[in-house]
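Below, chain A is the first sequence line, B the second, and so on; all start at residue 1. Below, each value reflects all heavy atoms present in this structure, side chains not excepted, and no hydrogens, waters or symmetry copies.
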There are 2 protein chains.
Amino acid sequence: MAENNSNFMSGVPELLILRLVREKEMYGYELVQAIRERSKEAIALGEGVIYPVLHALERDGALSSSRKTVNGRSRVYYALTAAGAKRLDDLAGNWSRLTDAIQSILVSGAQHA
Amino acid sequence: MAENNSNFMSGVPELLILRLVREKEMYGYELVQAIRERSKEAIALGEGVIYPVLHALERDGALSSSRKTVNGRSRVYYALTAAGAKRLDDLAGNWSRLTDAIQSILVSGAQHA
DNA sequence: GCATAATGCCTAGCGCTGCAAGGTATGGCA
DNA sequence: TGCCATACCTTGCAGCGCTAGGCATTATGC
């Protein structure tokens, strides 16, 4: 039930969101732009990606939300929970191991041990 | 038609295969084990991933195949074509840019420019 | 001599993820 | 009065990776 059997390359949007929210609470629209800007346009995740992930993370208890009105604008701010911090650590570790593995193949080519 | 609009995280199996075959021609079963061993078990792509990708790459002219019999075993060896080399460069470049972008978000957190 | 594993190839079909494309509502601006 | 930006949301699909099979041959173990 709670097990997550996704494919080996997935979960990056989730990772990015958790990492950004770790520093300060953010809202969906803000995350969309933050990811685009801070990746220098290399990654452009739309709202159709971000919002569903935010909802799933909140449902799993990794994020908590609070509705706030700023400048007459209603926003849903998301903050990292303790469970979310743990999940972030796990995802970041997996990502690191994965990219290291890929890099080791890319740089060394095919000369076997 | 020829355009490839896949999602931003896909194409890694393809990249790994092209990179390995660049050094020496290899066959499917060999690639499955090579990826597993050279990634120290971090990546374990099954034959159900490798073979379809090999067929697609050959269909696209990125790989050429030749049937050979070694030790009474029939094997299909794949070699990189010029088009395949170009495709490899493209994929490697994209992967590099992508991981750099992700890394820049992961390490610096949320302090904006 | 017989079964089991390892080698080597292949495919059908499913689950999931990222994504495009829509919809709603408010505020600022010309 | 319209238009763009802000801010939220969902439906539905495409494509990828993967599971789970199947087939044939050669080594290995008993």
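No side-chain heavy atom of Tyr78(B) sits under 4.5 Å from any side-chain heavy atom of Leu57(B). Contact annotation: the side chain of Ser66(A) approaches that of Glu25(A) to within less than 4.5 Å [non-hydrogen atoms, C-beta and beyond]. Contact annotation: the side chain of Val21(B) approaches that of Leu31(B) to within less than 4.5 Å [non-hydrogen atoms, C-beta and beyond].
We find that OH of Tyr29(B) is positioned 14 Å from C1' of dA24(D), with the value rounded to whole Å. Here dT19(D) presents its P atom at 12 Å from CZ of Phe8(A), a figure rounded to the nearest Å. For the pair Arg59(B) CZ and dT11(C) C1', the interatomic distance rounds to 13 Å; values are reported in whole Å. Regarding Arg73(A), its CZ atom lies at a distance of 6 Å from the P atom of dA7(D), rounded to whole Å. Rounded to an integer number of Å, the gap from CZ of Arg67(A) to P of dA7(D) is 12 Å. In this entry the distance linking NE2 of His55(B) with C1' of dC16(D) reads 16 Å, nearest Å. For Leu16(B) and dC16(D), the CG to P distance is 16 Å, given to the nearest whole Å. What separates CG of Asn71(A) from P of dG28(C) is a distance of 8 Å, to the nearest Å.
Within 4.0 Å of Arg75(A), counting heavy atoms only, lie sugar-phosphate atoms of the nucleic acid but no base atom. Among the protein residues, Val53(B) comes within range of no part of the nucleic acid, since none of its heavy atoms lies under 4.0 Å from any strand. Glu47(B) comes within contact range of at least one nucleobase, with a heavy-atom separation under 4.0 Å. Nucleic acid contact class of Gly48(B) (heavy atoms, under 4.0 Å, all strands): base.
Of the two residues contacting DNA chain C, namely Val49(B) and Tyr27(B), the nearest-nucleotide position lying further toward the 5' end is that of Tyr27(B). Both Pro52(B) and Leu54(A) lie near DNA chain D, and the one whose nearest nucleotide falls closer to the 5' end is Leu54(A).
Close to dC8(D), at under 4.0 Å from its OP1 or OP2, lies a side-chain N or O of Tyr51(A).
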### Message
Between Trp95(A) and Leu91(A), is the side chain to side chain contact (heavy atoms under 4.5 Å, CB included) condition met? List the steps.
### Response
CA-CA 6 Å; Trp95(A) 176 251; Leu91(A) 285 177; over 6 Å; no
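Taking every side-chain heavy atom of Gln33(B) into account, dT7(C) is the closest of dG18(C), dT7(C), dC16(D).
Ser74(A) and Arg67(A) share a side-chain donor-acceptor pair at under 3.5 Å.
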